[in-house]
Each structure stands twice: as structure tokens, then as C-alpha cells.
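These numbers come from the heavy atoms of this one structure, side chains and all, not from hydrogens, waters or symmetry mates. The sequence lines fix the lettering, A, B, ..., with proteins before strands; numbering per chain opens at 1.
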Protein chains: 2
Amino acid sequence: MTPNGQQKRNDILKAALELFAEHGFHNAPMAQLAKRANVAVGSIYRYFKDKDELIHELYSEVDVTLQKALVRAAEPSISTQQQFVHLMTDLIHYLQDHPYEFKFLEQYYNSPFGVEIKRDKLLLSGSSGRQSAFGQFIAGTAKESIKPMSAQVLYALVIGPVTFLLRDAISGLVELDEPRIKELADGCWNAIKR
Amino acid sequence: MTPNGQQKRNDILKAALELFAEHGFHNAPMAQLAKRANVAVGSIYRYFKDKDELIHELYSEVDVTLQKALVRAAEPSISTQQQFVHLMTDLIHYLQDHPYEFKFLEQYYNSPFGVEIKRDKLLLSGSSGRQSAFGQFIAGTAKESIKPMSAQVLYALVIGPVTFLLRDAISGLVELDEPRIKELADGCWNAIKR
DNA sequence: TCCTCAAAAATGAACGTTCATTCAGGAGAT
DNA sequence: ATCTCCTGAATGAACGTTCATTTTTGAGGA
């Protein structure tokens with residue numbers, strides 16, 4: 001693909017992310033998508049077989065970017081609890097700063113598209129199977145500090161509150177400021193600590 | 001409305017609940033809905049102005065039924081923690097036994113339909129404004145035992161993990177058995193207890 | 001008990017709209 | 001001249017909604 005082609009492909013993906021996040025998959029017509037990307041409708045089909053493939057490709061891109069963003073150097077100098085709170089805070093900040101990505105992912109997972117993707121991979125390990133910073137922390141550093149429990153329940157206790165609150169924060173229903181982020185992270189830690 | 005009319009209206013709502021839960025609002029055509037309810041397409045429009053009104057009416061019914069189901073007599077003889085765990089367990093069992101209702105509600109809240117409905121009302125107070133058993137417990141009995149924090153964060157810490165895990169359980173990705181329910185309820189309690 | 005008939009309820013083919021997708025033709029590069 | 005990429009009107013399928021028609025209902029009269 002030519003460099004120009006790559007550019008156009010990215011334009012389409014960017015427009016798609018915005019429209020899908022704003023209006024949902026079903027209320028984002030290809031015509032409107034083309035308009036926002038400044039390409040003709042037909043051109044989209046040079047880069048993607050159909051709308052479904054576009055959605056799947058977009059998921060890949062967003063997922064990869066998210067995983068990359070969450071890689072942080074470990075800071076062994078502070079307590080395990082503090083490390084946990086740092087990771088949570090980073091995660092929340094990132095998703096708060098990328099509401100389109102968050103909305104798109106939520107929509108993707110809660111649709112027939114996401115059925116084959118295990119949800120527990122959401123933030124704990126990338127689609128490649130490689131574990132994210134979060135997954136490494138939970139399985140490694142923090143292992144001894146965490147109460148023994150089913151991995152699924154552990155994930156739910158950590159990720160559940162984050163996604164729940166972010167939904168409202170991003171819709172503008174709640175203001176998710178620093179004190180509240182701290183409250184949330186502390187609560188999650190108390191839920192899982194030994 | 002004749003008793004027969006009421007019956008038909010209920011048939012339509014029941015069929016709608018099933019189809020919406022199975023295929024989503026956008027993949028549940030009125031024609032298919034009519035077929036499953038054993039009525040003609042046109043008949044649906046005798047009972048509901050349009051598809052949107054049908055969805056809103058269905059929400060009302062499901063919400064009322066859920067609120068009714070969650071009313072439990074208080075048991076002051078056991079500890080506050082035990083009361084909390086009981087309430088959580090009841091809630092999870094109810095939603096586990098009513099997966100269509102759960103899926104429908106999730107979809108409703110995460111759609112333009114549910115924008116005007118405050119999400120924190122989900123399980124804490126009914127749409128009528130009357131507080132549910134859960135809301136009463138949190139605001140009343142348990143008040144002194146709970147760490148002071150933003151109501152939104154409190155809700156997120158309690159409801160977030162439940163909905164997160166139930167999604168996977170109802171999709172068949174996880175088996176949510178008694179030990180895990182206990183783990184989850186305990187974790188939530190630890191997250192919010194003083 | 002049976003018949004009549006107007007109102008109510010039910011029906012589903014037809015309509016208009018929206019949308020994803022296609023493709024014949026054009027523009028620009030080599 | 002040829003090839004690659006782009007364009008957007010045209011296509012056909014799917015959908016929500018309507019409405020002319022048929023069927024059911026039940027009150028009143030014989």
C-alpha cells in the first residue's frame with residue numbers, strides 16, 4: 001500500500017472511531033463515514049471488505065494502542081498497594097483522555113462482534129496473548145499481597161468499578177476527579193488485598 | 001382494554017424481551033417480533049405507538065418487576081456485613097435466573113434510550129423514586145459501617161463487579177457458582193466497609 | 001335461543017425510506 | 001497507452017410503519 005493509501009486508511013479508521021463512538025455502529029452510515037473521512041463511499045471498500053471488517057480492524061488498532069499505552073516501568077521502591085493505585089490511576093486517566101476508544105471498546109465487547117474475544121483480556125492481557133502491565137502486576141508483583149480467589153472474580157472486582165464509573169463520567173453524568181479516582185482505586189485494593 | 005387485549009399486549013412484550021435480549025434492538029425486526037408473539041405486524045401498533053415506545057414500555061415493566069423482586073424483609077439479627085452479603089447474593093441469583101431481563105436492561109442503559117434514566121438508579125432506587133431494598137440498606141442500616149465516600153464511587157464499587165461478572169456468566173464464559181458469588185460479595189464489602 | 005349489525009380488533013400486502021454495497025466511468029501517474 | 005486509484009449515482013435488500021380489508025365481538029331485538 002502506498003504511503004498515501006495508508007494515510008487514507010487511517011483517515012477512514014479515525015472517522016469510524018468517532019462516528020461509532022458518537023452514534024453507535026448501527027447509526028453510522030457508510031455515507032456519513034465517507035464524508036467525515038473526506039473520501040468517497042466506494043473508496044472505503046478498497047481498504048475494507050465490508051463494514052464488519054472495518055469494525056474488526058478498528059478494534060485491532062484500538063486494542064494494540066491501548067496495550068502499548070499501559071506499559072509502565074515498575075517502581076519497586078514503593079509499596080505494592082501504592083503500585084496498584086498508580087496503575088489504576090494511569091488506566092483511568094488514559095481512558096478518560098480517550099473517550100472515543102473507551103466507548104468503542106464497550107460497544108464492541110457488548111455486541112456479537114466481541115463474542116469471540118474473551119472479555120477478561122480487556123485490560124489484563126493484549127489480544128496477542130502478551131500480558132499487559134496490569135496483568136503482569138496482578139500475576140507477579142502483587143500475587144502475595146492479594147487474597148486467593150477465582151481469577152474471574154478478581155478481574156470483576158478491579159475492572160468492574162472502573163468501567164462502570166467511566167461510563168457515567170464519559171457521558172458527563174459524573175465528574176470523575178482526582179479524589180474520586182483515589183477513592184475508587186483504594187476501594188478496589190481493599191476488595192482484593194489479602 | 002379487554003382481558004384478551006391485555007393478554008396480547010403481554011405476549012408482545014414477552015416476545016420483545018426475548019428477541020431484544022437475543023439479537024439486540026437493531027436486529028429484532030418488527031416482523032420477527034410479530035411472528036414470535038403470534039400476532040400480525042399491524043397489531044403491535046394497536047398497543048404501542050412505535051418501536052421506541054415498545055422499548056420504553058418494556059423497560060418500565062422489567063424495572064418494576066425487578067424492584068419488586070428485590071424487596072426483602074430486614075433481618076436485624078445478623079451482622080451488617082452478613083446482611084450485605086445476603087442482599088448481594090439475592091441480587092445475583094435473581095439476575096442469573098432472569099438473563100433476558102439482565103441483557104435487556106444492560107442494552108437499554110447503554111443506548112440513547114437510557115440516557116435520561118440515571119444509571120445509579122439501576123439497582124439502588126426504582127424508577128418511581130422509591131428506594132429499593134438495596135438503597136435503603138446502604139443509606140440506612142449500613143451507613144455507619146461504610147467508609148465515607150462519594151455516592152457514585154460507592155455505587156461503582158458495588159454494582160460494577162456484579163454487572164461485569166454477570167455479563168460473562170450469562171454469556172456462558174464463566175461459571176458463577178456459590179463460592180464465587182460469596183467471594184464477590186465479600187470483596188465488594190471489603191471495598192466499601194469502614 | 002337465534003339473528004342482526006355496528007364497532008372494535010386484527011390482518012398482512014404495500015409503501016417509502018434508509019442503508020450497505022457495487023460498478024461504470026474518470027482522473028492522475030508512469 | 002496503461003495502470004492504479006478514486007468517485008458517487010445506481011442497485012437491491014431490509015426495515016418500520018400504514019391502511020384498506022377482513023374477522024371477531026357483543027349488545028339489542030325478535
Peer 1: Distance check: side-chain N/O of Lys51(B) vs OP1/OP2 of dT17(D), anything under 4.0 Å?
Peer 2: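 So the side chain of Lys51(B) is outside the cut-off, no N or O lying under 4.0 Å from OP1 or OP2 of dT17(D).
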Peer 1: Quick one: side chain to side chain contact (heavy atoms under 4.5 Å, CB included) partners of Arg36(B), sequence neighbours excluded?
Peer 2: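 With sequence neighbours excluded, Arg36(B) shows a side chain to side chain contact (heavy atoms under 4.5 Å, CB included) to Ala15(B), Glu18(B), Leu19(B), Glu22(B), given in chain and number order.
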Peer 1: Do side-chain atoms of Glu101(A) reach the backbone of Leu66(A) as a donor and acceptor pair under 3.5 angstrom?
Peer 2: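 No; zero donor-acceptor contacts below 3.5 Å.
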Peer 1: Who are the side-chain hydrogen bond (donor to acceptor under 3.5 Å, both in side chains) partners of Lys182(A), not counting sequence neighbours?
Peer 2: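 Expected list: Asp186(A).
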Peer 1: Can you check the Asp50(B) CG to dT17(C) P distance for me, whole Å?
Peer 2: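 In whole Å, dT17(C) P and Asp50(B) CG are 17 Å from each other.
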Peer 1: Specify the residues of residues 27-36 of chain A, ordered by number, for which at least one heavy atom lies under 4.0 angstrom from an atom of DNA chain C.
Peer 2: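 The stretch gives Ala28(A), Pro29(A), Met30(A) as the residues lying under 4.0 Å from the strand, ordered by number.
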Peer 1: Whole angstroms only, please: what is the CD1-C1' distance between Ile55(B) and dC15(D)?
Peer 2: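 Rounding to the nearest Å, CD1 of Ile55(B) and C1' of dC15(D) are 14 Å apart.
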Peer 1: With 3.5 Å as the limit, what N/O pairs link the protein to nucleotides 22-25 of chain C?
Peer 2:
none

Peer 1: So, using side-chain hydrogen bond (donor to acceptor under 3.5 Å, both in side chains) as the criterion, who are the partners of Asp11(A) when residues are at least two apart?
Peer 2: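 Applying side-chain hydrogen bond (donor to acceptor under 3.5 Å, both in side chains) to Asp11(A) gives Gln7(A).
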Peer 1: Can you check the Lys8(B) NZ to dT24(D) P distance for me, whole Å?
Peer 2: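 In whole Å, dT24(D) P and Lys8(B) NZ are 11 Å from each other.
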Peer 1: Distances for protein N/O vs nucleotides 20-23 of chain D N/O pairs under 3.5 angstrom?
Peer 2:
none

Peer 1: Taking the side chain as every heavy atom from C-beta outward, state whether Val62(B) and His98(B) have any pair of such atoms under 4.5 Å apart.
Peer 2: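 In short, these two side chains do not touch, never coming nearer than 4.5 Å.
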Peer 1: dC15(D) P sits how many Å from His23(B) NE2, rounded?
Peer 2: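 In whole Å, dC15(D) P lies 11 Å from His23(B) NE2.
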Peer 1: Kindly assign one of parallel, tilted or perpendicular to the pair Tyr108(B) and His56(B), based on the angle between their ring planes and the thresholds 30° and 60°.
Peer 2: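 Perpendicular: the ring planes of Tyr108(B) and His56(B) meet at over 60°.
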Peer 1: Which value, rounded to the nearest 0.5 Å, describes the distance between Phe164(B) atom CZ and Leu157(A) atom CG?
Peer 2: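 With rounding to 0.5 Å, CZ (Phe164(B)) is 10.0 Å from CG (Leu157(A)).
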Peer 1: State which residues pass salt bridge (Lys or Arg N to Asp or Glu O under 4.0 Å) with Glu61(B); sequence neighbours excluded, sorted by chain then number.
Peer 2: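 Salt bridge (Lys or Arg N to Asp or Glu O under 4.0 Å) check on Glu61(B) returns Arg9(B).
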Peer 1: What's the CG-C1' distance between Asp11(B) and dA9(C), to the nearest Å?
Peer 2: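 To the nearest whole Å, that distance equals 15 Å.
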Peer 1: Using atom CG of Leu19(B) as one end and atom P of dG16(D) as the other, report the distance to the nearest whole Å.
Peer 2: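 Result: 11 Å.
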Peer 1: Answer yes or no: is there a side-chain heavy-atom contact under 4.5 Å between Val174(A) and Arg180(A)?
Peer 2: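 Yes, close enough: below the 4.5 Å cut-off.
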Peer 1: Could you list the protein-to-nucleotides 27-30 of chain C atom pairs, N/O on both sides, closer than 3.5 Å?
Peer 2:
none

Peer 1: Under a 4.5 Å cut-off applied to non-hydrogen side-chain atoms, are Phe84(A) and Thr141(A) in contact?
Peer 2: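 With C-beta onward as the side chain, the pair stays apart.
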Peer 1: Identify, with sequence neighbours excluded, every residue that meets ring pair (Phe, Tyr, Trp, His ring centres under 6.0 Å) alongside Tyr100(B).
Peer 2: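 Partners of Tyr100(B) under the ring pair (Phe, Tyr, Trp, His ring centres under 6.0 Å) test: none.
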Peer 1: With sequence neighbours excluded, what pairs up with Tyr45(B) under the ring pair (Phe, Tyr, Trp, His ring centres under 6.0 Å) test?
Peer 2: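 Partners of Tyr45(B) by the ring pair (Phe, Tyr, Trp, His ring centres under 6.0 Å) criterion come out as none, since no residue qualifies.
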Peer 1: Going by the rule side-chain hydrogen bond (donor to acceptor under 3.5 Å, both in side chains), which residues pair with Asp52(A) if we only count those two or more places apart in sequence or in a different chain?
Peer 2: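 Once residues adjacent in sequence are excluded, Asp52(A) has no partner under the side-chain hydrogen bond (donor to acceptor under 3.5 Å, both in side chains) criterion.
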Peer 1: Whole angstrom is fine here: how far is it from CD1 in Ile44(B) over to P in dA9(C)?
Peer 2: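 Between P of dA9(C) and CD1 of Ile44(B): 17 Å.
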Peer 1: Of the candidate nucleotides dT7(D), dA10(C), dC6(D), which contains the atom at the shortest distance from the side chain of Arg46(B)?
Peer 2: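 Looking only at heavy atoms from C-beta outward on Arg46(B), the closest nucleotide is dA10(C).
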Peer 1: Applying side-chain hydrogen bond (donor to acceptor under 3.5 Å, both in side chains), name anything that partners Asp50(A), two or more places apart in sequence or on another chain.
Peer 2: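 Per chain and number, Asp50(A) pairs via side-chain hydrogen bond (donor to acceptor under 3.5 Å, both in side chains) with no residue.
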Peer 1: Figure out the CZ/P separation between Arg9(B) and dA10(C), and round it to whole Å.
Peer 2: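 Between P of dA10(C) and CZ of Arg9(B): 13 Å.
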